[in-house]
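Below, read A as the first sequence line, B as the second, and so on, with proteins coming before strands; counting in each chain starts at 1.
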Amino acid sequence: MTAARRIDSWGRVLHARQLPVPLAWRDVSLEALPDSSLLAHGLGRTYGDGCLNDGGALLLTRGLDRFIAFDSKTGILRCEAGVSLEEIIRLALPRGWFLPVTPGTKYVTVGGAIANDVHGKNHHRAGTFGRFVRAFELVRSDGRVECTPEKNADLFRATVGGLGLTGLVTWAEIQLKPVTSAIVEQEVTKFRSLDEFFALNQEADHKFEYTVAWIDGLATGRSLGRGHFISGNHAPADLAHPGKIRAKPLLRVPFDAPKWLLNPVTIRLFNTAYYHRQLRRVSRSTTSFDPFFYPLDLVGEWNRIYGTGGLFQYQCAVPPQSMREVIRALLVEIARSRQASFLAVLKTFGDLKSPGLMSFPRPGATLSLDFANRGEVTNALFERLDAMVEECGGALYPAKDARMSPARFRRFFPAWEEFARHLEPRFSSSFWRRVTDAKGARA
Amino acid sequence: MKRILVLGANSAIAQGAEREASRQGDALFLVARNEEHLAQVADDLRVRGASQVHTLAADLTDATRHEAILDAAEAALGSVDGALVAHGVLTDQPAAERDPEVLRRDFDVNFLSAASLLTHLANRFEARGSGALVVISSVAGDRGRQSNYAYGSAKAALSAFASGLRNRLAKSRVTVTTVKAGFVDTPMTAHVAKNALFASAGDLGRAIYRCFDKPRDVVYLPWFWRPIMGVVRAVPERLFKQMKL
């Protein structure tokens with residue numbers, strides 16, 4: 001019969017065994033579930049251990065994939081928590097509505113988007129996903145509660161960005177946004193340095209709804225921080241051509257790549273070629289929303305190119321006062337380590353307040369990079385980066401994290417004690433046990 | 001637009017087919033045991049574009065209600081173009097070995113109730129000279145295996161029944177499609193570790209819906225089960241009985 005089995009997160013660095021408990025209907029009650037500790041698990045796109053519960057049970061929410069109501073006049077959608085963002089786009093885009101905020105993959109569930117209070121390329125205009133959550137139902141050991149920003153507001157604030165630890169979200173109601181088109185008018189500008197990035201960004205934030213930059217994480221010296229600034233707006237065109245919505249990736253990585261595939265030489269070659277692929281400084285084009293928002297979704301299981309050792313994603317936020325200096329210092333350290341891979345993204349966050357107690361996005365800039373897991377060398381680099389992030393008053397993103405220390409977690413998220421009062425006692429995660437470990441906090 | 005009756009409408013595979021029907025704007029009449037779940041399924045299908053969704057909560061093992069259920073579906077939809085017989089339970093094999101009552105009870109769900117409904121539907125469709133019947137059977141019915149023969153024998157009976165019905169109706173314009181489903185990732189198989197042979201209920205549902213547009217006789221879903229079961233059936237019994245299956 002049912003037994004615990006290994007279920008990995010996206011980074012595939014940490015291995016956890018847990019009892020899988022598929023959920024099919026939202027009338028679930030916690031008494032009917034196994035006695036062990038519980039955690040909801042959707043599409044498993046969390047990089048570290050935020051979606052793992054070693055030794056406990058995982059409530060697999062993908063069976064909760066029903067829509068409940070959609071009003072195509074107001075754009076208000078109510079659906080079960082296991083519905084993916086891809087399924088929402090498929091339903092709503094042909095009717096003129098799009099996600100108000102979307103992360104870089106559409107293969108996440110609504111429950112996961114709430115639990116991590118995800119952000120996207122329009123953070124400077126729209127803030128986080130949680131700002132568009134109108135209501136949700138939370139199943140706890142003392143029953144079911146409906147939470148809105150006004151009703152059970154404490155629990156609402158704790159659950160948005162609350163890493164799934166306040167109970168099981170069964171359904172949510174979100175406000176979609178009207179769009180004129182599924183086509184995005186894109187502008188890509190090559191920049192030669194970090195200073196150029198900040199200059200471009202300041203200008204673009206007023207002109208474009210979506211902005212993000214790809215950075216060459218291996219460039220040094222005068223080229224430090226070079227990259228492509230990618231900005232876009234929904235095209236004013238009509239919806240007659242809704243664009244292709246890909247249900248499944250175009251291709252799939254069929255096996256774990258060997259360790260040597262990604263090394264400083266191959267990545268430098270790739271980065272240099274990618275940087276120069278655009279000859280002109282500015283290139284304008286129109287593209288479907290799919291490659292614009294979700295370029296990585298075209299390749300299924302792309303995490304396998306990092307081999308069996310897995311990957312880390314390092315994503316930090318640094319406050320506006322010191323962001324120029326700190327981002328530069330981080331990039332110097334990363335380039336010197338020669339460990340960065342080709343996925344490196346820089347974006348500024350706006351001032352719109354995140355609604356969750358534990359939400360990661362905050363004003364300033366956010367830098368995120370993928371690193372193949374090379375054990376101690378990688379860890380040592382992260383320690384140096386952590387120290388810089390901590391000193392400037394920044395934070396790391398729990399959704400991406402597999403290794404931050406308990407002491408740093410507490411400094412990055414000072415609201416954690418207030419948050420802990422709202423924990424559902426039957427729920428826990430590998431992440432939470434790690435960052436609240438008392439021994440580690442003293443160290 | 002088609003008008004489709006679904007029996008066992010809450011099953012994951014049936015929901016996959018209903019979602020595809022909804023995308024096409026079809027009108028649906030859903031029958032299942034759990035009323036609350038049925039309402040949740042109906043809401044979902046309305047959002048997905050179904051032109052009408054009617055529901056009726058009923059225990060299909062009560063054969064005395066079968067005529068009334070069909071009357072209700074015809075009254076609500078005006079007429080029924082096609083019916084999907086999708087209800088079933090996965091029999092707990094060790095329990096059925098200990099207690100033949102388990103066997104009887106599940107045989108009633110998986111075969112007798114389905115055969116009764118198919119008889120009424122076939123008679124009505126034959127009388128008016130049109131209609132599409134789609135029956136969800138299983139590869140488990142192709143050969144009895146020690147791990148699953150209680151369930152498999154009921155599905156074998158259902159496959160044989162559908163085959164006979166297809167033969168009887170061949171000269172009328174009524175079609176009968178037997179769907180032999182392989183392993184599907186559904187709540188019914190929640191306790192089983194998944195491997196590459198498992199298909200998603202959504203993919204299976206879409207393929208099943210196509211049987212209303214393009215009726216076929218016997219379809220294996222996914223397709224690769226046809227050669228697999230060809231091999232399984234070809235093994236001589238004196239070898240087969242020694243195998244651990």
More than 12 heavy atoms from other groups under 6.0 Å of [atom1] on [X]:
X: A:Gln175; atom1: CD; value: yes
X: B:Arg33; atom1: CZ; value: no
X: A:Asp35; atom1: CG; value: no

Shortest non-hydrogen contact between A:Trp25 and B:Asn10, atoms and distance
CZ2-O, 3.6 Å

State, to 0.1 Å, how close A:Arg95 and B:Arg48 come at their nearest heavy-atom pair, and which atoms those are.
NH2-C, 4.2 Å

State whether B:Arg19 and A:Asp65 are salt-bridged, where the test is any N-O pair (Lys NZ or Arg NE/NH1/NH2 against Asp/Glu carboxylate O) under 4.0 Å.
yes

Might you work through the side-chain contact (heavy atoms from CB on, under 4.5 Å) test for B:His37 and A:Asp27, ending with a clear yes or no?
CA-CA 9 Å; B:His37 295 172; A:Asp27 56 5; 2.8 Å; yes

Name the member of B:Leu45, B:Asp43, B:Asn34 that forms the most heavy-atom pairs with chain A at distances under 4.5 Å.
B:Asp43

Spacing of A:Arg66 atom CZ and B:Gln15 atom CD [to the nearest 0.5 Å]:
4.5 Å

